[in-house]
Chemist: 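Have a look at this one before I ask anything.
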Protein chains: 2
Amino acid sequence: MAITIKDVAQEAGVSVASVSRALNGHASITDDTRKHILAVVKRMRYMPHVGARSLTTSFTNTIGVLLPDLYGEFFSEMIRGIDGAARRRGLHLMVSSLHGDADEAALAIRAMRGRVDGLLVMSPHVDAAFLSDNLPEDLPIVLMNTAAGGTQYPSISVDNYNGAHAMVAHLVAGGYRRIAFLAGPSGNFEAQERLRGYRAALSELAPGAAEHVYEGDFSEQSGQAVGQALLEMDAGRRPDALFAANDMMAIGALLTLKQGGLRLPQDMALAGFDDIPIARYVSPALTTVRVPIADLGVRALESLVAKIGQPGSVPASAQTLGAELVARASTGESTPT
Amino acid sequence: MAITIKDVAQEAGVSVASVSRALNGHASITDDTRKHILAVVKRMRYMPHVGARSLTTSFTNTIGVLLPDLYGEFFSEMIRGIDGAARRRGLHLMVSSLHGDADEAALAIRAMRGRVDGLLVMSPHVDAAFLSDNLPEDLPIVLMNTAAGGTQYPSISVDNYNGAHAMVAHLVAGGYRRIAFLAGPSGNFEAQERLRGYRAALSELAPGAAEHVYEGDFSEQSGQAVGQALLEMDAGRRPDALFAANDMMAIGALLTLKQGGLRLPQDMALAGFDDIPIARYVSPALTTVRVPIADLGVRALESLVAKIGQPGSVPASAQTLGAELVARASTGESTPT
DNA sequence: CTGAAAGCGCTTACAG
DNA sequence: CTGAAAGCGCTTACAG
């Protein structure tokens, strides 16, 4: 067994209460006893059992983070934001990925009870009804990029609709007319909003133009598949621009189209969404909509901390972060890179 | 307050012991009482306090993961491996980044006590002496990519030395003679090993050739800086190949050199180390040494689980994973991408 | 099969 | 200032 506070107390010849007080910088303790105790602590290499402490103080200094995945450029950026904000406040992170269905999400949420002070959740499966069924009622939560926000639970999301709208406007302004859209997974809220933005902008700004929507799933592979399909079309019927609902699909298409001999953007313009780091590195560099991913994480954590600080008193609100168009070479801009 | 096991017991008209047994699938309980209890649990939406459970059972089903950073392609891949292996075993992850110095690492390790069953640590500041000072002695640990492995603590690392050696061999075989090396941070064990591999291979395979070592810090910026310096050299004195100690630096140099008008690999060959996802996407695609990053994470987790299962009985061992050369266009190979 | 009680390692009023 | 004791929410021998 490891050394406990009791061992330290015994060794130092004091009560466990005094050890606790010395350790936690309590005022009511003599300098001498504190020094003596801390010396013993050091000598014995005692480390407090944080789990036990949490049980009595009822706070854990830990935030639970539930994301669809823990890797890939998008989530990596998100984690960067969350981690930075958390460490600034001395908070630890308990993370979990949510690959599966709603049941798995429920399990993951439940597993957090008693180990975290609050929860940051991003999941397409999570809506208000689900949460009220599975969330311990006393556990603060902030949702990210979800359809469930603003009603009972605070949320923070990116303005996907206007971001997509702006991209279509940019393409139309660049002279492109046959603008195809490569959609994300249909069950995904963000994917839906981006598609909605594409449709609205197209009918507003290019009234005559027909919609071309390809199905995708946010993966590079689905971008490659659509790239392949485009290569096999008659050049005459082919769209002159492809707007993918995220960067990874755009990049999959880019590689396939280039390999198939198309010149980008002369034969086809290409655009994505997210502005993940890779977007700048491909050639031509990818025009995209910059989502302040890390920022989103920072803001979400800050909101959560605020909510933990004053439970109940903060009304559920839905924050939205703007998304900004980043024009690069894949839609004809001459960029230094 | 949230609902506790006591509330459930009272509501169901049984003892807390019975509730506990029903919840944990204990054998000695009637079907009827179990069903009744579980019904009450469901109706009250009770969720066990996992922290309290840990205190009595002394296991947490959680693994602590300490990495220099939580984001970027390298760590993202690492986390992917660890997360996958952990979820397969029903383990949760508590993660922490270790930006700072040894003190910060010590703090992070201590903060894990009582919340995790074991620790996965990757940190240049961690050596055997440090660990024996700061690690609770009953806490299993596995080190990754560290100099401290194999002695008192098990470790698993990549064969950086031979990987770098192989890359130099590849460059020499390709006809390159003035092969410069862009080193990583001097305090970093992996960086040291890669440098050592470069030096050894150069003197073995190209006896007459002089070493050219540039200092870097693994960041893209330091790659750009060296790229700039190379551009400003006389073409005659310029190295004909640059081997960077990691991919991000290689990519920084690649972008800068290209922008400066150099043709790659005709004017200069370029190679990296790690094979992060971006390496395939830049053009020319980057020749590199593939480090099985996710695999490293998987193996580390598996070792840790084994150690947790049989404390003390497993001798400290140092596993090494091979690193494989991946030849792409940046050193002259004609690759499809 | 079921319950009362001790105990996990801490913290914190409550006395003194 | 210091200590004895209760309590945080669980689990698990120990009786019955």
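Order of the sequence lines fixes the chain letters, A, B, ..., with proteins taken first and strands second; residue numbering starts at 1 for each chain.
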Chemist: Heavy atoms under 4.0 Å, any strand shown: does B:V14 hit a base, just sugar-phosphate, or nothing?
Modeler: sugar-phosphate

Chemist: As a test of your reading of the structure, name each stem of DNA chain C as range with range, where a stem is three or more consecutive Watson-Crick or G-U pairs at under 3.5 Å.
Modeler: C:1-3 with D:14-16, C:5-12 with D:5-12, C:14-16 with D:1-3

Chemist: Ignoring hydrogens and angles, tell me if any N or O in the side chain of A:S76 forms a donor-acceptor pair with the backbone of B:G72 under 3.5 Å.
Modeler: yes

Chemist: Looking at the side chain of B:Y46, which of D:dC10, D:dG9, C:dT2 is the nearest nucleotide?
Modeler: D:dC10

Chemist: What's the CG-C1' distance between A:L55 and D:dC10, to the nearest Å?
Modeler: 8 Å

Chemist: Using residues 36-46 of chain B as the side-chain source, report each donor-acceptor pair under 3.5 Å to any protein atom, sequence neighbours left out, with the distance given to one decimal.
Modeler:
{"unit_1": "B:R43", "atom_1": "NH1", "unit_2": "B:E11", "atom_2": "OE2", "d": "3.4"}
{"unit_1": "B:R45", "atom_1": "NH1", "unit_2": "A:S132", "atom_2": "O", "d": "2.7"}
{"unit_1": "B:R45", "atom_1": "NH2", "unit_2": "A:S132", "atom_2": "O", "d": "3.1"}

Chemist: According to side-chain contact (heavy atoms from CB on, under 4.5 Å), who are the partners of A:T57, at least two apart in sequence or on a separate chain?
Modeler: A:R53, A:F59

Chemist: Rounding to a whole Å, what distance do you find between A:I3:CD1 and C:dG9:C1'?
Modeler: 14 Å

Chemist: Tell me: CZ of B:R113 to C1' of C:dC8, nearest whole Å?
Modeler: 11 Å

Chemist: Figure out the CG/C1' separation between A:N61 and C:dC10, and round it to whole Å.
Modeler: 15 Å

Chemist: Who passes salt bridge (Lys or Arg N to Asp or Glu O under 4.0 Å) against B:R89, sequence neighbours left out?
Modeler: B:E302

Chemist: Starting at CE of A:M47 and ending at P of C:dG9, how long is that distance when rounded to a whole Å?
Modeler: 16 Å

Chemist: In this structure, how many angstroms lie between the P atom of C:dA4 and the NZ atom of B:K6, rounded?
Modeler: 13 Å

Chemist: Using only heavy-atom distances, determine whether the side chains of A:S18 and A:R34 contain a donor-acceptor pair under 3.5 Å.
Modeler: no

Chemist: Each nucleotide in nucleotides 11-16 of chain C should get exactly one letter: B, S or -. Can you fill that in based on protein heavy atoms under 4.0 Å?
Modeler: SBB---

Chemist: Restricting to side-chain hydrogen bond (donor to acceptor under 3.5 Å, both in side chains), what partner residues turn up for B:S123, sequence neighbours left out?
Modeler: none

Chemist: Rounded to whole angstrom units, what separation is found between the CD1 atom of B:I37 and the P atom of C:dG3?
Modeler: 8 Å

Chemist: Sequence neighbours excluded, which residues qualify as side-chain hydrogen bond (donor to acceptor under 3.5 Å, both in side chains) partners of B:T60?
Modeler: B:D117

Chemist: Can you tell me if A:T33 touches the phosphate of D:dC1, counting only side-chain N or O atoms and a distance under 4.0 Å to OP1 or OP2?
Modeler: no

Chemist: Quick one: is D:dC10 close enough that its OP1 or OP2 comes under 4.0 Å of any side-chain N or O from A:R115?
Modeler: no

Chemist: Of the options C:dT2, D:dG9, C:dC10, whose atoms approach the side-chain atoms of A:H49 most closely?
Modeler: C:dC10

Chemist: Mind checking side-chain contact (heavy atoms from CB on, under 4.5 Å) for A:R87 and listing every partner two or more places apart, or none if nothing turns up?
Modeler: A:D83, B:S97, B:H99, B:E104

Chemist: Identify, with sequence neighbours excluded, every residue that meets side-chain contact (heavy atoms from CB on, under 4.5 Å) alongside B:A300.
Modeler: B:L120, B:V142, B:M144, B:I156

